[in-house]
Participant: 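Just passing along the structure, written as structure tokens.
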Amino acid sequence: MPCSAVTLSLATITSIIAVALLAIAFATDNWLYIEVRRTNIQNFLSRNSDVQSQALLDAVNSKYFYYTRTKGLFRTCFPKERPPTLKLYLSPVETYCSNINYYIPDENNETKDFTDDAWTRLHMGRSMVALFIISFFAVFAAFCTGVTGCWRRSPGNITATAILMLLACLLSAGAMGLWHGVEYYEKEKQVGEEFYQQWSTLLQDNTTIFYDWGFALGWLGVFSCLGGSLLFFFGSCCLQAEKDREQLDNVQYIVPVYPQKQQYAYAGYPVPPQQYSGPYYTTGSAYGPYNY
């Protein structure tokens with residue numbers, strides 16, 4: 001089997017897997033799992049009857065960040081208990097969720113009191129979503145050039161497909177990097193009461209945050225895009241080598257034709273005597289060598 005056929009088949013399968021992984025990661029709500037041990041918090045507060053403990057107990061029963069939740073790019077979902085004060089809806093996977101607000105548009109001017117850190121986090125979140133969307137457009141363009149290249153066996157089209165897949169890889173990797181930037185700001189900067197730095201010490205001590213399977217799918221999709229791009233580059237080289245070999249084989253079957261030297265006599269231009277083997281006639285012998 002030709003090298004190009006095997007390589008292009010592997011590249012196509014890898015690219016399809018990459019697109020599937022990125023699409024699932026983009027849509028899922030399982031990038032972070034934030035586990036809150038509410039029972040420990042409630043038991044601790046019930047043993048203390050001071051005013052501060054009572055205020056914290058009210059917050060535990062009303063604020064959503066005192067509940068176990070999963071977080072994706074667009075939604076925060078509550079797989080266990082649900083906060084009574086937050087408006088929730090049932091997601092496609094039968095989980096109660098609320099949308100993450102990127103303030104597009106900011107109709108009520110809710111961002112007017114944002115700090116510089118909060119603005120930086122918001123801009124990174126918006127850019128992250130935009131880069132993911134652009135990477136999907138790059139994959140769609142790669143699909144078009146890839147189908148054309150395989151149909152026409154065109155190394156140029158396959159190379160274009162490899163470049164587009166590499167572009168999709170870089171865009172999605174940039175989006176993943178921005179997601180890590182958002183996560184860093186939410187954990188290390190003062191960007192709102194619902195984020196780690198402004199939590200009470202009791203909440204911080206009884207909360208565990210770890211990456212979920214959606215995050216893993218996102219990075220697997222990035223590396224699969226890179227693998228598909230490299231395979232397309234290699235397939236283009238194989239296809240070009242096979243076409244060069246076919247042209248070389250075709251040249252060997254061409255019969256060379258050499259021009260031959262022939263003498264032609266045209267009217268008004270007699271053949272020179274030294275090249276003429278027949279009898280020579282003078283101008284006076286109109287009827288042959290003898291006159292009668």
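Since this is a predicted model, take the numbers as computed values, not measurements. Nothing fancy with the numbering, it's 1 onward along the sequence.
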Participant: Describe, in one word, how the ring planes of Trp219 and Phe215 are oriented to each other, choosing from parallel (under 30°), tilted (30 to 60°) and perpendicular (over 60°).
Facilitator: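 Perpendicular: the ring planes of Trp219 and Phe215 meet at over 60°.
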
Participant: Testing the basics here: between Ile158 and Gly235, what is the closest heavy-atom pair and its distance to 0.1 Å?
Facilitator: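 So the two residues come closest at CG2-C, 4.4 Å.
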
Participant: Is there a donor-acceptor contact under 3.5 Å from the side chain of Arg47 to the main chain of Leu45?
Facilitator: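 No; zero donor-acceptor contacts below 3.5 Å.
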
Participant: Would you find a donor on one side and an acceptor on the other, under 3.5 Å apart, between the side chain of Thr28 and the backbone of Ala25?
Facilitator: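 Not a single qualifying donor-acceptor pair exists.
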
Participant: Using a 6.0 Å distance limit plus a 45 degree cone around the ring axis, check whether Arg82 lies over the aromatic ring of Tyr96.
Facilitator: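 Yes, Arg82 sits over the ring of Tyr96.
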
Participant: Once salt bridge (charged side-chain N to carboxylate O under 4.0 Å, His left out) is applied, do any residues pair with Glu81, and if so which ones, sequence neighbours excluded?
Facilitator: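 Salt bridge (charged side-chain N to carboxylate O under 4.0 Å, His left out) list for Glu81, sorted by chain: Arg38.
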
Participant: Inspect cysteines Cys225 and Cys169 and report if their side-chain SG atoms are under 2.5 angstrom from one another.
Facilitator: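 No, the SG atoms are not under 2.5 Å apart.
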
Participant: Evaluate Asp212 against Leu32 for side chain to side chain contact (heavy atoms under 4.5 Å, CB included), listing each step before the verdict.
Facilitator: CA-CA 5 Å; Asp212 211 348; Leu32 285 178; 6.0 Å; no

Participant: Begin from the C-alpha positions of Leu166 and Leu226 and carry the test side chain to side chain contact (heavy atoms under 4.5 Å, CB included) through to its verdict.
Facilitator: CA-CA 6 Å; Leu166 181 59; Leu226 179 60; 4.1 Å; yes

Participant: Spell out, as yes or no, whether a donor-acceptor pair under 3.5 Å connects the side chain of Ser127 to the backbone of Met124.
Facilitator: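 Pair absent, no side-chain N/O of Ser127 close to backbone of Met124.
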
Participant: Assess whether atom CG of Asp116 is packed by more than 12 heavy atoms of other residues, nucleotides or ligands within 6.0 Å.
Facilitator: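 No, because the 6.0 Å sphere around CG of Asp116 holds 12 heavy atoms or fewer from other groups.
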
Participant: Just checking, is any N or O donor in the side chain of Thr148 or Asn157 under 3.5 Å from an acceptor N or O on the other one?
Facilitator: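 There is no such pair between these side chains.
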
Participant: For Thr111, does its backbone N or O pair with a side-chain atom of Asp106 as donor and acceptor, under 3.5 Å?
Facilitator: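 Yes, because the side chain of Asp106 sits within donor-acceptor range (under 3.5 Å) of the backbone of Thr111.
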
Participant: Under 3.5 Å, is there a donor-acceptor pair linking the side chains of Thr145 and Thr161?
Facilitator: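 Yes, because at least one side-chain N or O of Thr145 sits under 3.5 Å from a partner of the opposite role on Thr161.
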
Participant: Is a side-chain N or O of Trp199 found less than 3.5 angstrom from the main chain of Glu194, in a donor-acceptor match?
Facilitator: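 Between the backbone of Glu194 and the side chain of Trp199 there is a qualifying donor-acceptor contact (under 3.5 Å).
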
Participant: Given Met176 and Val222, is the side chain to side chain contact (heavy atoms under 4.5 Å, CB included) satisfied, shown in steps?
Facilitator: CA-CA 9 Å; Met176 294 294 297; Val222 171; 4.0 Å; yes

Participant: So among Tyr211, Tyr196, Trp31, which one has a side-chain hydrogen bond (donor to acceptor under 3.5 Å, both in side chains) with Glu183?
Facilitator: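 It is Tyr211; the other options fail the test.
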
Participant: Counting neighbours of CZ on Phe137 that are heavy atoms of other residues, nucleotides or ligands and sit closer than 6.0 Å, is the number greater than 12?
Facilitator: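 Open: at most 12 neighbouring heavy atoms sit under 6.0 Å from CZ of Phe137.
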
Participant: Do you know the tightest heavy-atom contact between Ser15 and Met165?
Facilitator: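 Taking Ser15 first and Met165 second, the nearest heavy atoms are OG-CE, 3.6 Å.
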
Participant: Does the side chain of Arg37 pick up a donor-acceptor pair with the side chain of Thr208 at under 3.5 Å?
Facilitator: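 Yes, side-chain donor-acceptor contact under 3.5 Å.
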
Participant: So, Ser236 side chain and Pro155 main chain: donor-acceptor pair closer than 3.5 Å or not?
Facilitator: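 Present.
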
Participant: State the CG-OG distance between Leu88 and Ser98, to the nearest 0.5 angstrom.
Facilitator: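 Atom-to-atom, Leu88:CG and Ser98:OG are 6.0 Å apart.
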
Participant: In terms of side-chain geometry, is the basic nitrogen of Glu193 or Lys63 positioned less than 4.0 Å from the acidic oxygen of its partner?
Facilitator: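 Answer for the salt bridge query: yes.
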
Participant: Which heavy-atom pair separates Ile104 from Arg126 by the least distance, and what is that distance?
Facilitator: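 Scanning both residues completely, I find the closest heavy atoms to be CG1-NE, 3.7 Å.
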
Participant: Which heavy atom in Gly72 sits nearest to a heavy atom in Ile100, and how many Å separate them?
Facilitator: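 So the minimum-distance heavy-atom pair works out to O-CD1, 3.4 Å.
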
Participant: What are the two closest heavy atoms between Tyr66 and Val36, and how far apart are they?
Facilitator: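 In terms of heavy atoms, the two residues are closest at O-CG1, 3.4 Å.
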
Participant: For the backbone of Ala162 and the side chain of Ser229, can you confirm whether one donor and one acceptor N or O come within less than 3.5 Å of each other?
Facilitator: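 Side chain of Ser229 to backbone of Ala162: a pair is present.
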
Participant: Verify, without hydrogens or angle tests, whether Ser224 (side chain) and Ala18 (backbone) share a donor-acceptor contact under 3.5 angstrom.
Facilitator: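 No; zero donor-acceptor contacts below 3.5 Å.
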
Participant: Under the 3.5 angstrom rule, does the side chain of Asn108 hit a backbone N or O of Glu110 as a donor-acceptor pair?
Facilitator: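 No, the answer is negative, given that no donor and acceptor are paired below the 3.5 Å cut-off.
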
Participant: So, does Gln197 use its side chain to make a donor-acceptor pair with the main chain of Lys189 at under 3.5 Å?
Facilitator: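 The answer is no, because no donor-acceptor pair under 3.5 Å joins these two groups.
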
Participant: Is the CZ atom of Phe195 crowded by more than 12 outside heavy atoms at less than 6.0 Å?
Facilitator: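 It does: Phe195 CZ has more than 12 such atoms within range.
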
